[in-house]
Amino acid sequence: MGTANNWRKSTYSGPGDGDSCLEISVQPTCMAIRDSKDPGRATLTVPTGAFTAFVGALKSGGAPQGLSFRSRRA
């Protein structure tokens with residue numbers, strides 16, 4: 001899922017982190033998430049609305065409720 005040019009790392013990821021972070025890829029109906037250290041393994045896909053709610057809750061210090069996730073092979 002996703003092509004090499006549409007996976008993005010956080011701007012907070014840097015050399016001091018050993019490049020250990022997650023990458024995201026915006027898809028038409030979902031967000032795909034993968035481990036940057038092992039991009040060939042399974043990705044996690046999340047509906048766009050659920051991902052937006054999750055990130056919003058993290059930013060506000062809350063805990064997102066009722067999110068549903070499914071795993072998918074890359």
Participant: With a 4.5 Å heavy-atom cut-off, do M31 and L44 have their side chains touching?
Facilitator: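 When only atoms from C-beta onward are counted, L44 and M31 do not touch, as no gap falls below 4.5 Å.
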Participant: Test your reading of the model: is there a side-chain donor-acceptor pair from S36 to the backbone of C21, 3.5 Å cut-off?
Facilitator: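 Yes, the answer is positive, given that a donor and an acceptor are paired below the 3.5 Å cut-off.
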Participant: With distance as the sole criterion, is a donor-acceptor pair present between the side chains of E23 and S25 under 3.5 Å?
Facilitator: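 Absent: no donor and acceptor within the cut-off.
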Participant: Looking at CD1 of I24 and OG1 of T43, how far apart are the two atoms once the value is rounded to the nearest 0.5 Å?
Facilitator: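 Rounded to the nearest 0.5 Å, the CD1-OG1 separation comes out at 13.0 Å.
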Participant: Table please: side-chain donor-acceptor pairs of residues 51-58 below 3.5 Å, with sequence neighbours left out.
Facilitator:
from : atom 1 : to  : atom 2 : distance (Å)
T52  : OG1    : T48 : O      : 3.0

Participant: Would you say that C30 contacts T45 through its side chain, given a criterion of any heavy-atom pair below 4.5 Å between the two side chains?
Facilitator: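 Yes; the side chains approach each other to less than 4.5 Å.
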Participant: With side chains defined as the heavy atoms from C-beta onward, is the minimum distance between L22 and W7 less than 4.5 Å?
Facilitator: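 Not in contact.
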